[in-house]
Amino acid sequence: NPAATTTTLASSLNPTLAAANVTFTASVTGSAPTGTVNFTDGGTTLGSCGAVAVTGTGNTRTAACTTSALAVGTHSVVATYGGNAVNATSTSAPLSQVVNPAATTTALASSLNPSLATASITFTASVTGSSPTGTINFKDSGTTIGSCSAIAVSGAGNTLTATCSTSALAVGTHSVVATYSGNAVNATSSSAPFSQVVNNVGSSTTLSTSINPSTAGTNLTFTATVTGASPTGTVSFTDGGTTIIGCGGVAVAGTGNTRTALCTTSGLNPGVHSIIASYSGDGSNTPASSGPLMQSVAGPTPVVAGVSSRKVHGAAGTFDLPLSTVSTNPTTEPRQGPAQTIVFDFGKPITSATVAVTEGVAITSAPTFSGNTVIVNLSGVTNKQYVTVALSNVVSADGGTGGTGSVRVGFLVGDVNQNRVVSISDLLQVNAALAHLVTASNYLKDINASGTLTFADIIIANANLAKALPAP
């Protein structure tokens with residue numbers, strides 16, 4: 001009978017890592033045994049280890065099987081000696097070979113840190129292992145970034161990479177982690193959290209106006225131009241720190257990185273206004289204010305509110321005769337010349353004007369300005385005529401320009417009833433007023449503007465009896 005044999009089995013490394021070489025050594029004890037050993041894993045021959053010749057001398061000889069093909073897990077490895085003419089076959093006890101996945105490391109880097117909102121940044125994960133394949137999941141505080149849930153690693157060798165590009169990170173600090181999925185021979189791993197800082201885009205705001213200077217009461221439009229990263233939000237327009245009515249939160253509009261907001265107003269008073277446009281900012285853009293725009297607002301064009309003929313009646317005071325501004329129906333001034341004073345009232349202070357006599361005989365001096373009035377002093381005014389006094393280039397204190405004014409006056413001494421002819425009726429009216437005080441109701445009968453109603457006024461009227469103005 002053949003001699004009995006024993007076969008024992010040992011591993012060069014147990015546990016081992018996937019893809020790493022491990023050598024199984026079978027030791028066969030018998031009578032100078034020759035032949036071969038079959039190495040099996042769970043009953044299946046290991047690679048090319050189906051008939052490994054025993055080597056050595058003496059009664060204990062060995063056979064070795066080296067492999068790197070064992071998958072991750074626990075393997076039941078058995079060595080079976082085939083025997084020979086003098087030695088019986090024998091089988092080792094099963095050896096539990098543990099194969100662990102290869103450890104990996106994952107590192108994470110950013111293309112730009114800190115970055116600006118809406119700017120594209122790229123995260124690169126580098127996985128080091130045993131020729132690692134698989135995917136990377138990029139997460140921001142535990143939530144997958146966009147479409148970066150399973151980015152395949154690429155490259156060659158034991159360090160491969162995967163990238164994730166995004167422009168969607170909000171302003172703030174983000175904790176980004178890259179997690180490697182692992183594969184048949186590489187363990188999963190995660191990078192250390194990477195703090196990605198995303199800052200607001202520095203925006204800018206400029207301001208322009210549709211017209212400068214403008215005129216009070218007319219519309220003008222302020223345009224705020226906001227430049228940033230597709231800016232949204234609102235713009236507030238202020239005048240000297242006070243919000244312009246209706247322009248407190250105007251939404252920016254448009255597309256791209258430069259957008260606008262408009263404020264239209266007709267409510268600015270005459271004067272110089274310091275206008276500022278303040279942008280609110282948004283999730284991606286910082287607030288920004290324009291520099292002050294100095295808007296000049298002129299008053300409206302001066303318009304005549306009324307005209308009068310003025311006389312000083314001695315101690316009785318000054319009395320103004322209201323004049324018609326309808327040239328075809330002029331008012332008659334019955335009080336004696338040749339000096340006359342015409343007063344134009346514009347309802348607001350006037351600073352300059354040009355005066356001219358465009359009809360009749362009269363000499364004018366430069367006008368004077370008092371409050372809301374322009375005073376024109378005439379000399380050399382002859383009796384029994386129409387005189388037209390015209391103002392041009394009238395400028396008001398509030399900046400209003402281009403004002404004009406004109407009045408036509410009929411001068412006829414003694415025509416106290418103002419019917420453009422001196423008659424007995426005028427003498428009777430003066431006579432009836434004799435010995436009365438000069439008042440606002442009878443001052444026209446004080447023909448010589450002496451301040452008293454006397455027989456002298458009757459004499460003047462009588463001297464002009466039957467004199468008349470031509471039809472206007």
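What you see below is based on every heavy atom in this structure, not just the backbone, and it leaves out hydrogens, waters and symmetry mates.
- When all heavy atoms are compared, the tightest approach of F222 to I244 is CE1-CD1, 4.3 Å.
- Sorted by first and then second residue, the disulfide (SG to SG under 2.5 Å) pairs with a member in residues 59-93 read C49-C65; sequence neighbours excluded.
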Could you give me the CA-CA distance, side-chain angles and deciding distance for I275 and T238, then say whether side-chain contact (heavy atoms from CB on, under 4.5 Å) is met?
-> CA-CA 6 Å; I275 310 298; T238 58; over 6 Å; no
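- Side-chain contact check for N38 and T45: at least one donor-acceptor pair (N or O, by modelled atom type) lies under 3.5 Å.
- Residues T144 and S149 have side chains that never bring a donor and an acceptor to within less than 3.5 angstrom of each other.
- Atoms CG and CG, on N372 and D345 in that order, are 5.5 Å from each other to the nearest 0.5 Å.
- Counting only N and O atoms by type, the side chains of S278 and S236 include no donor and acceptor under 3.5 Å apart.
- Ring planes of F319 and Y443: parallel class, angle under 30° (limits at 30 and 60°).
- A 4.5 Å side-chain heavy-atom check between S280 and P287 finds every atom pair outside the cut-off.
- Residues L378 and V357 form a side-chain contact, since some pair of their non-hydrogen atoms from C-beta on lies under 4.5 Å apart.
- If you check the side chains of T163 and T122, you find no donor sitting under 3.5 Å from an acceptor.
- Residues S230 and R259 form a side-chain contact, since some pair of their non-hydrogen atoms from C-beta on lies under 4.5 Å apart.
- Closest of all the heavy-atom pairs between N186 and N183 is N-OD1, 2.7 Å.
- Of all non-hydrogen atoms in G129 and T104, the two that sit nearest each other are CA-CG2, 3.9 Å.
- When side chains are defined from C-beta on, V394 counts as touching I350, because their heavy atoms get closer than 4.5 Å.
- Counted by atom type alone, T7 and S90 present one or more donor-acceptor pairs between their side chains at under 3.5 Å.
- For S284 and D282, the side-chain atoms include no donor-acceptor pair closer than 3.5 Å.
- Counted by atom type alone, S195 and T173 present zero donor-acceptor pairs between their side chains at under 3.5 Å.
- Taking 4.5 Å as the limit, every side-chain heavy atom of P231 sits out of range of all side-chain heavy atoms of S203.
- Few gaps surround CD1 on I375; more than 12 heavy atoms of other groups in view lie less than 6.0 Å from it.
- Judged as a ring pair (Phe, Tyr, Trp, His ring centres under 6.0 Å), and not counting sequence neighbours, Y386 has no contacts.
- Considering all non-hydrogen atoms of both residues, L321 and T332 come closest at CD2-O, 3.6 Å.
- With T40 contributing its side chain and G42 its backbone, the two residues share no donor-acceptor pair below 3.5 Å.
- Side-chain contact, T34 with N84: a donor N or O sits under 3.5 Å from an acceptor N or O.
- For the pair I342/V307, a side-chain contact is recorded, criterion being any heavy-atom separation below 4.5 Å from C-beta on.
- In this structure, OH on Y279 lies 16.0 Å from CG on L207, to the nearest 0.5 angstrom.
- Remark: N21 engages no residue in a side-chain hydrogen bond (donor to acceptor under 3.5 Å, both in side chains) (not counting sequence neighbours).
- Checking S167 against T118 by side-chain atom types alone, no donor-acceptor pair falls below 3.5 Å.
- Between I151 atom CD1 and S165 atom OG the span is 9.0 Å, to the nearest 0.5 Å.
- In this structure L70 satisfies the side-chain contact (heavy atoms from CB on, under 4.5 Å) test together with V22, F24, D41, L46, T67, H75, Q97, V99, sequence neighbours excluded.
- At distances below 3.5 Å, at least one donor-acceptor pair connects side-chain atoms of S12 with backbone N or O atoms of T23.
- Of all the heavy atoms in I145 and F123, the pair that sits closest is CD1-CE1, 4.2 Å.
- There is a side-chain donor-acceptor pair under 3.5 Å between T179 and S190.
- To the nearest 0.5 Å, atom NE2 of residue H273 and atom OG of residue S296 are 8.5 Å apart.
- Atoms CD1 and OG1, on I276 and T243 in that order, are 11.5 Å from each other to the nearest 0.5 Å.
- Summarising the geometry of N219 relative to S266, their closest heavy-atom pair is OD1-CB, 3.2 Å, with the distance given to 0.1 Å.
- Under the 3.5 Å distance criterion, with hydrogens and angles disregarded, no donor-acceptor pair is assigned to the side chains of T205 and S290.
- The side-chain contact (heavy atoms from CB on, under 4.5 Å) search around S379 returns I363, not counting sequence neighbours.
- Listed by chain and residue number, D320 satisfy the salt bridge (charged side-chain N to carboxylate O under 4.0 Å, His left out) test with R310 (two or more places apart in sequence, or in another chain).
- In this structure, OG in S214 is found 4.5 Å from CD in Q295, a value given to the nearest 0.5 Å.
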